[in-house]
Every structure is written in C-alpha cells, then in structure tokens.
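First comes the structure, then the notes that go with it.
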Amino acid sequence: MLCRAAFLIGLICCFGQSAWADGIDAGAPEGAEITAEVEREADTYRVPVSPFGGEAVPLVALKGLSRWTAMKVGGVRTEDVINGYRARLAEQGFEVVLDCAGRDCGGFDFRFGTDLIPPPAMQLDVADFAQLSLKRADPPGVISVLASDVRGVVFIQTVTIVPTDGDVSLTRRAPQAELPIVSNEPPPESADPPAAADAPAVTDTPYDRLVVDGHLAITGVSFATGGAQIAGASKPALDQVAKMLEDHPDLRVAIVGHSDNQGGLNANIALSQRRAEAVMRALINRGIAAGRLEAMGIVYLSPLRANTTTEGRAVNRRVELVVR
C-alpha cells in the first residue's frame with residue numbers, strides 16, 4: 001500500500017512495509033515517473049562524500065540492503081528537487097554529508113567517478129546537476145540523491161542503503177587506483193610496513209578496481225594515427241577485457257574514448273567516438289552482448305594530466321571502461 005506525505009515541491013510517495021518503513025526511504029516528487037527501480041538484499045554502494053579531489057571522487061563503500069530508483073519529472077528545476085529532498089530528509093533526522101552542484105562537484109570527473117543507473121532510465125547533463133548525500137545513525141541509513149536537468153526534464157536517482165553493520169560514519173574510503181589492465185612492468189617492491197591485521201583487504205584485480213573506482217583505463221589498446229583502426233598489438237588487452245566481462249555477466253559498461261586537445265573540437269569528438277565504437281565492436285565480436293555496452297567519445301573534456309606537455313597528451317589519449 002502506498003502512502004503520501006508532504007514535500008517541499010509537492011508530495012513524496014512513501015513505500016510500504018519492509019526495512020523502508022522506518023522512514024529511510026527517499027521517496028519521489030509528486031508527478032515523478034519511475035523509470036527504473038531495484039532492491040537488493042546484499043549490495044555494495046559507493047557513496048560520494050566529497051567533490052572530485054583532483055585524482056578521484058572520494059567515495060565510501062557501504063554493504064547492505066539497498067534500493068536504487070531512477071525517475072523523471074517536468075515543471076521543476078534541479079535546485080527545486082534537491083531543496084525538497086534536503087528539507088524532507090532533515091525532518092527525518094538525516095545529516096547532510098555532501099551538497100554540491102555542477103563544477104563545484106567536479107563536473108565531468110564527478111559524473112564518471114560515481115555510480116549511475118544506465119540510460120535511458122537515468123540521464124545526466126554535466127552543465128546542470130546536483131548531488132546530495134545524507135546519513136542517519138538511528139535508525140541507520142544513508143541516502144544519495146542525484147538530480148540533473150536534461151532538456152527541460154529533471155532526472156533523479158536515489159540510492160538508499162541500510163548498512164549490514166549499522167555503521168554510517170562514512171569514514172571507510174573505497175580504495176582508489178589507476179592501474180592498467182595489461183602491463184609488462186613487474187610490480188614495484190613496496191617499502192611500506194605490513195598492513196594491520198584488522199585493516200580491510202584491498203582488492204587488486206581489474207574487475208575489483210573497475211567496480212571500486214567506477215572506471216578503468218584499458219592500457220594496451222592503440223590505434224592508427226589519426227584513425228580508429230585498432231592496432232593488432234591490442235589483441236591481448238581486448239581479450240582480457242572480454243574475459244572479465246564474460247566472468248561477470250551482470251556488469252554493464254560504457255566504453256569512453258578520450259583525446260588530447262590537439263586539433264579541432266569537432267574532429268576530436270568524431271575521432272574519440274569512433275575509437276570507442278571500435279572497441280565496442282571488438283568486444284561484441286568476442287561474444288559480449290551489445291546490450292551490455294555503450295560507446296561515448298568525450299574528447300579532451302576529462303584529462304588526467306595537463307595537455308600542455310607531450311607526456312600529458314599521451315596519458316590523456318586513452319579508452320576507459322565506465323561502470324553503467
């Protein structure tokens with residue numbers, strides 16, 4: 001049975017019985033159309049707790065019961081939606097952890113560093129989006145709200161998670177790494193002291209790094225100069241990516257092409273898109289279902305290094321996997 005309660009920009013639709021009956025459910029603005037919804041008894045969600053920090057979005061991985069909801073609503077602004085959720089959840093005892101918008105969040109880097117329900121259910125325009133992360137100790141729960149105006153329609157994603165261990169301190173940062181899938185270099189010897197016995201284990205497989213960071217550069221894939229033809233030497237890297245996707249059939253990824261800032265914008269947009277599509281075709285040819293993949297070229301809009309040096313431009317020319 002659905003119930004309704006007052007909300008700043010209209011009404012919120014409350015969910016019925018279960019763990020969400022304690023007021024932990026985020027709800028939806030009046031008139032919102034639900035485009036996707038899933039509830040998982042055992043899930044891991046990486047909660048954004050700070051804006052993009054220069055290398056990665058600071059995230060905290062929580063495990064527990066989760067509800068992911070995507071929706072869209074017209075006739076409101078992104079700011080209206082966020083203000084409404086902030087006011088409503090404050091009445092329920094939630095404390096704001098992160099409240100940012102657009103460039104203050106980190107723009108492109110924030111979007112590609114966080115977990116999103118894939119389009120068309122959830123869409124995001126980096127020119128108009130806002131993130132709200134909140135926590136409550138009793139009863140414990142964490143809520144993330146992401147809203148974005150896309151061509152006059154506000155898309156909203158809410159993720160509600162009740163941690164299995166009840167810990168909502170949001171101090172357990174998810175490990176960040178930018179490690180290649182394929183590397184001919186032996187791992188460097190570490191001079192760091194052994195980790196404490198009670199320290200959480202840091203996983204080190206490509207899949208773990210992809211899930212933890214939300215994105216992973218495919219090292220070992222190269223193209224013909226100025227073109228989108230994949231070089232033959234790229235086969236081992238593509239085989240390894242395909243194997244990872246085969247081993248994890250629930251994983252859906254965007255293949256994102258990046259370029260440096262040399263040449264015209266339109267030419268680079270087309271080139272980065274074609275290269276991303278070439279990698280997608282190569283994975284489809286290796287047996288990966290097309291529905292699990294999408295290709296996008298974002299040119300030089302998400303650099304890892306400054307494009308003012310030869311070394312920086314070389315680093316920025318890359319193809320990444322991004323968790324959808």
(Q) Evaluate Glu320 against Arg318 for salt bridge (charged side-chain N to carboxylate O under 4.0 Å, His left out), listing each step before the verdict. (A) CA-CA 7 Å; Glu320 288 186 321; Arg318 68 197 190 279; 3.3 Å; yes
Would you confirm whether [X], through its side chain, and [Y], through its main-chain N or O, come within 3.5 Å as a donor-acceptor pair?
X	Y	result
Arg252	Gly291	yes
Thr160	Ser66	no
Asn83	Glu79	yes
Asn285	Arg281	yes
Arg136	Gln92	yes

(message) What verdict does the side-chain contact (heavy atoms from CB on, under 4.5 Å) test give for Val38 and Arg67, after you've listed the backbone C-alpha separation in whole Å, the side-chain angles of each residue and the deciding distance to 0.1 Å?
(response) CA-CA 6 Å; Val38 62; Arg67 182 192 289 272; over 6 Å; no
### Query
Do you reckon Leu271 sits in the same ILVMFWY cluster as Ile255, going by side-chain contacts under 4.5 Å, direct or chained?
no
Please lay out, stage by stage, how Ile143 and Leu89 fare under the test side-chain contact (heavy atoms from CB on, under 4.5 Å).
-> CA-CA 9 Å; Ile143 292 179; Leu89 294 174; 3.8 Å; yes
Between the CG atom in Leu59 and the CG atom in Leu170, the distance rounded to the nearest 0.5 Å is 11.0 Å
Between the CG atom in Leu62 and the CG atom in Asp165, the distance rounded to the nearest 0.5 Å is 8.0 Å
Between Thr78 and the options Asp128, Ile156, Leu146, the side chain to side chain contact (heavy atoms under 4.5 Å, CB included) test singles out Asp128
- Check against side-chain hydrogen bond (donor to acceptor under 3.5 Å, both in side chains), Ser144 and Gln131: CA-CA 7 Å; Ser144 168; Gln131 168 71 37; 2.8 Å; yes
Residue pairs meeting side-chain hydrogen bond (donor to acceptor under 3.5 Å, both in side chains), one or both in residues 227-239, sequence neighbours left out, come to Lys235-Asp239, Asp239-Arg286
TODO: Evaluate the ring planes of Trp68 and Tyr45, with Trp represented by its six-membered ring, and classify them as parallel (under 30°), tilted (30 to 60°) or perpendicular (over 60°).
DONE: perpendicular
Worked verdict on Tyr85 versus Thr158 for side-chain contact (heavy atoms from CB on, under 4.5 Å) | CA-CA 10 Å; Tyr85 275 106; Thr158 63; 3.7 Å; yes
